[in-house]
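The next block holds one structure in the form of structure tokens; read it before the comments.
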Amino acid sequence: MLMKTGKLEFDQTFAKHVLKGLSGPRKSLPSRYFYDARGDRLFQSIMTSPEYYLTGCELEIFETHGDELARALMTDRSCELIELGSGDGLKTSLLLDALHEHHQDWVYRPVDISDHSLNLLEQRLIPGRPWLDFQAIHSNYMDLLREFEPGGARRVFMFLGSNLGNYTSRQAITFLRLIRAAMTPGDAFLVGLDLKKDPDVIRAAYNDAAGYTRDFNLNLLARINRELGGDFRLDSFEHVPDYDLATGVARSSLRSRIEQNVRVAALDRDFHFRKDETIHTEISQKYDEALIGELTSASGFVVAKSFVDSRNYFTDQVWVCA
Ligand code: AVJ
């Protein structure tokens with residue numbers, strides 16, 4: 001929501017989250033604010049960097065097992081494919097094409113808060129697919145899930161790219177229960193999850209040599225500067241990636257190199273940073289069978305089908321109602 005206050009115009013929700021995140025004894029900022037126009041571009045670069053294996057692994061799964069995946073999702077009833085977060089359309093197009101080959105043309109409903117992403121997706125998917133019924137939903141998917149009533153057309157929800165990993169276990173269970181509540185028996189949930197693996201491989205993925213991940217992380221501070229009149233000096237903060245083997249949590253933080261005060265004009269506040277104090281910005285959970293079992297049983301799902309890439313780095317799974 002944008003508010004006009006004299007000469008300043010800013011997003012009140014963003015401002016509120018920044019105030020809350022920087023006020024406590026352990027500072028943090030929500031990872032969803034990475035994705036402004038510049039953040040979207042940086043994330044695109046991350047996805048093409050050699051260290052960030054997730055995107056390539058999931059694409060390999062869709063390329064290698066697309067047909068089997070389509071078969072696992074098919075029924076004799078028509079269906080809505082509801083993709084939470086619109087993605088770049090490449091993986092989705094492989095699935096839609098595989099379904100079309102089996103004479104199953106489903107309504108495809110990508111859900112995203114970014115009009116821009118939905119338009120890009122439409123331009124990528126429609127050409128060459130006259131049979132495609134593309135019905136974008138411009139919405140926050142948490143809000144949308146709360147509005148779904150069980151019943152109606154058969155639904156397949158899709159949440160790819162290990163986006164679930166940005167949630168803590170508690171948040172993930174809340175989110176999965178929302179999806180489960182929007183489903184009836186016969187519906188399905190297709191989810192992409194990054195698996196636990198050699199810690200060095202994971203550490204490199206969140207610390208690419210070209211520095212895209214660093215810039216992506218620092219973009220949070222740059223965004224506060226741009227949108228809320230902050231005076232963060234970006235070179236006084238360091239990108240700190242970290243991976244904890246025991247929990248499977250990759251965590252990103254920003255560490256203040258010096259003791260300093262940072263002013264945020266829109267909040268009319270100064271924030272004090274001790275030398276080496278950190279701002280926690282993101283977690284990316286890595287999964288194994290035990291963790292997946294905990295999530296599914298806590299949210300009313302069972303794993304019906306599971307695919308992995310050739311290196312066993314990533315999994316795409318079909319979950320159904322328990
Ligand atoms: C889009 C949430 C899956 O956590 O791996 C990439 C975001 N952060 N590099 C991830 C991200 C740093 C990404 N997800």
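Values below: every heavy atom of this structure, side chains too, minus hydrogens, waters and symmetry copies. Just so you know, ligand 1 is whichever comes first in the structure, and atom 1 is the first atom listed for that ligand.
At least one N/O-N/O distance between Y52 and ligand 1 falls below 3.5 Å. Inclusion of K286 in the set of residues having an N or O under 3.5 Å from an N or O of ligand 1 is not warranted.
Note on Y52: it clusters hydrophobically with L160, by side-chain heavy-atom contacts below 4.5 Å among ILVMFWY residues.
Atom 12 (C) of ligand 1 has its closest protein heavy atom at E282 OE1, 3.4 Å.
With Y167, Y206, Y212 as candidates, the residue nearest to atom 9 (N) of ligand 1 on a non-hydrogen basis is Y206.
Using a 4.0 Å heavy-atom cutoff, G161 is listed among the residues neighbouring ligand 1. Ligand 1 lies within reach of Y35, whose nearest heavy atom is under 4.0 Å from it. Between F34 and ligand 1 there is no heavy-atom distance shorter than 4.0 Å.
Residue-ligand proximity, N166 to ligand 1, at heavy-atom distances under 4.0 Å covers atoms 2 (C), 4 (O). In the vicinity of S162, heavy-atom distances shorter than 4.0 Å reach the ligand 1 atoms 3 (C). Annotation for ligand 1: atoms under 4.0 Å from non-hydrogen atoms of N163 are 1 (C), 2 (C), 3 (C), 14 (N). Short contacts between ligand 1 and S284, defined as distances under 4.0 Å to a heavy atom of the residue, involve ligand atoms 4 (O), 5 (O), 10 (C).
Residues Y33 and F14 place their aromatic rings such that the two centres sit under 6.0 Å apart.
For the atom pair E122 CD and Q135 CD, the distance stands at 11.0 Å (nearest 0.5 Å).
Remark: the D67 side chain and the H102 side chain contain an N/O donor-acceptor pair separated by less than 3.5 Å. With no hydrogens or angles considered, a side-chain donor-acceptor pair links N219 and D36 at under 3.5 Å. No donor-acceptor contact under 3.5 angstrom links the side chains of Y243 and K286, judged on distance only.
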Trace of the side-chain hydrogen bond (donor to acceptor under 3.5 Å, both in side chains) decision for S256 with Q260
CA-CA 8 Å; S256 179; Q260 58 182 320; 2.9 Å; yes
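Using a 4.5 Å heavy-atom threshold, the side chains of Y287 and L295 count as touching.
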